[in-house]
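Reckoned from all heavy atoms, side chains included, excluding hydrogens, waters and symmetry mates.
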Amino acid sequence: MIFCVEDEQNIRELLVYTLETTGFQAMGCADSRELWEALKKETPELILLDIMLPGEDGYQVLEKLKSSSATREIPVIMVTAKDAEFDKVRGLETGADDYVTKPFGMMEFVARVKAVLRRCSRNHPENKTLSYGDICILVGKHEVRVNGVKVELTRKEFELLQYLMENKEIVLTRNQILCQIWGYDFDGETRTVDVHVRTLRQKLGEAGNYIETVRGVGYRIGG
Ligand code: CA
């Protein structure tokens, strides 16, 4: 089930219709109040979240979703009419998995939905751990520890760190990272990678210095 939170009825119906004809189950919510009601009854696989909503806006809703353990793991795609870089960065920093900018093509929209769902359903072996220096990842538990202290990461930050640590000492290009973590490779979207590397470094504290920027190429851990 995919929840589509969108106040404009035409767009909401189009989203639901497009998803249903692609084989998904989807339900529209006209505002955050309807979303919170729907969440009491069912946990969706994905939430599409418009930013400009009456009442609580998309950012406020996203913050609430990500601050509750009951809803934190639900992937969120922000749907925004705004094309400003600022909005994308803010959404991604708050923990959105992706965003689409209105007006968008239905092919691209469906591709992004599928990519997010694919990424989030990736199977993790239960007891696998990865470590580098002071960082230890318990892959199955989705847990990261620095010097034994748990660090809270968004799903994308976690996947990014895991990908870097699975490829120790190898320089990963922004496009490789985008492909691996977001499941697509659209031109001009590599800023997304930089935003996540920045927040990941901040959250890791001193251990964030392990992530090296290779100028003009990409990133690596353990150079
Ligand atoms: Ca709206």
Side-chain angles (χ1 to χ4, degrees), residues 46-52 57-67 71-102 104 108-109 111-113 115-120 122 132 135 137 142 144 146 151-167 170-223:
L46 175 74
I47 297 174
L48 298 170
L49 182 57
D50 184 27
I51 292 180
M52 301 298 280
D57 71 17
Y59 294 122
Q60 292 171 301
V61 172
L62 181 65
E63 271 168 34
K64 272 199 197 172
L65 286 169
K66 293 299 168 186
S67 63
T71 52
R72 183 178 298 148
E73 294 295 320
I74 304 170
V76 177
I77 298 180
M78 303 299 280
V79 181
T80 168
K82 294 179 174 180
D83 200 13
E85 187 94 74
F86 171 75
D87 298 297
K88 294 174 185 175
V89 171
R90 183 172 167 195
L92 292 169
E93 281 181 341
T94 315
D97 290 86
D98 202 355
Y99 57 83
V100 287
T101 308
K102 288 185 272 192
F104 43 80
E108 182 190 337
F109 166 67
R112 284 178 182 248
V113 165
V116 166
L117 290 174
R118 196 164 54 236
R119 303 294 338 141
C120 296
R122 191 168 59 152
Y132 182 83
I135 306 174
I137 299 187
H142 255 250
V144 174
V146 175
V151 178
E152 294 290 344
L153 299 180
T154 66
R155 187 200 331 273
K156 289 296 167 195
E157 290 160 355
F158 180 89
E159 289 177 357
L160 173 62
L161 182 63
Q162 183 185 351
Y163 185 46
L164 287 165
M165 286 177 60
E166 281 170 344
N167 294 280
I170 297 168
V171 182
L172 299 169
T173 67
R174 290 179 173 81
N175 276 324
Q176 276 178 311
I177 295 170
L178 202 56
C179 249
Q180 173 71 23
I181 310 298
W182 282 267
Y184 57 75
D185 181 6
F186 293 132
D187 282 345
E189 302 280 331
T190 51
R191 172 95 174 105
T192 303
V193 175
D194 301 330
V195 169
H196 282 76
V197 168
R198 194 174 71 220
T199 57
L200 178 59
R201 276 183 179 139
Q202 283 166 358
K203 291 183 183 178
L204 293 174
E206 294 251 315
N209 294 329
Y210 296 148
I211 303 171
E212 185 194 343
T213 304
V214 181
R215 194 174 289 272
V217 186
Y219 298 97
R220 85 175 142 197
I221 211 160

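The shortest distance between side-chain heavy atoms of Leu178 and Arg174 does not fall below 4.5 Å. The closest side-chain heavy-atom distance from Tyr99 to Thr192 is below 4.5 Å. By the 4.5 Å heavy-atom criterion applied to side chains, Val151 and Ile135 are not counted as neighbours. No side-chain heavy atom of Arg112 sits under 4.5 Å from any side-chain heavy atom of Trp182. Using a 4.5 Å cut-off on side-chain heavy atoms (C-beta onward), Val144 and Leu204 make contact. Proximity of Arg119 to Gln180: side-chain heavy atoms (C-beta onward) are separated by under 4.5 Å at one or more points.
To the nearest 0.5 angstrom, Phe104 atom CZ is 10.5 Å from Thr80 atom OG1. From Ile47, atom CD1 reaches atom CD1 of Ile77 across 11.0 Å, with rounding to the nearest 0.5 Å. To the nearest 0.5 Å, atom CG of residue Leu153 and atom NZ of residue Lys203 are 6.0 Å apart. Here CD of Glu212 is found 10.5 Å from CD1 of Ile221. Values are rounded to the nearest 0.5 Å. Rounded to the nearest 0.5 angstrom, Glu166 CD and Gln162 CD are separated by 4.5 Å.
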**Check against side-chain contact (heavy atoms from CB on, under 4.5 Å), Glu73 and Arg155** = CA-CA 8 Å; Glu73 294 295 320; Arg155 187 200 331 273; 3.5 Å; yes

**Request:** Please assess Val113 against Leu48 for the test side-chain contact (heavy atoms from CB on, under 4.5 Å), listing each intermediate value before the final yes or no.
**Result:** CA-CA 9 Å; Val113 165; Leu48 298 170; 4.2 Å; yes

**Asked** How far apart are the C-alpha atoms of Thr154 and Lys66, what are their side-chain angles, what is the distance that settles it, and do they pass the side-chain contact (heavy atoms from CB on, under 4.5 Å) test?
**Response** CA-CA 8 Å; Thr154 66; Lys66 293 299 168 186; 6.0 Å; no

**Asked** Please walk me through it: do Tyr132 and Ile137 pass side-chain contact (heavy atoms from CB on, under 4.5 Å)?
**Response** CA-CA 9 Å; Tyr132 182 83; Ile137 299 187; over 6 Å; no

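Atom CD of Gln60 has more than 12 neighbouring heavy atoms from other residues, nucleotides or ligands inside a 6.0 Å radius.
With Asn175 as the partner, the side chain to side chain contact (heavy atoms under 4.5 Å, CB included) test is satisfied by one option alone out of Thr173, Leu172, Ile177: Thr173.
Heavy-atom minimum distance, Val146 versus Ala207: CG1-CB, 3.9 Å. Nearest approach of Ala115 to Gly183, heavy atoms of both residues: CB-O, 4.1 Å. The two residues Arg220 and Ile170 make their nearest non-hydrogen contact at CB-O, 3.1 Å. Looking at every heavy atom in both residues, Thr71 comes nearest to Leu65 through OG1-O, 2.7 Å.
Here the side chain of Asp97 pairs a donor or acceptor atom with the backbone of Val76 at under 3.5 angstrom. Looking at Lys156, its side chain never comes within 3.5 Å of a backbone N or O of Ala96 through a donor-acceptor pair.
Defined by atom type and a distance below 3.5 Å, a donor-acceptor pair is present between the side-chain atoms of Tyr219 and Asp194.
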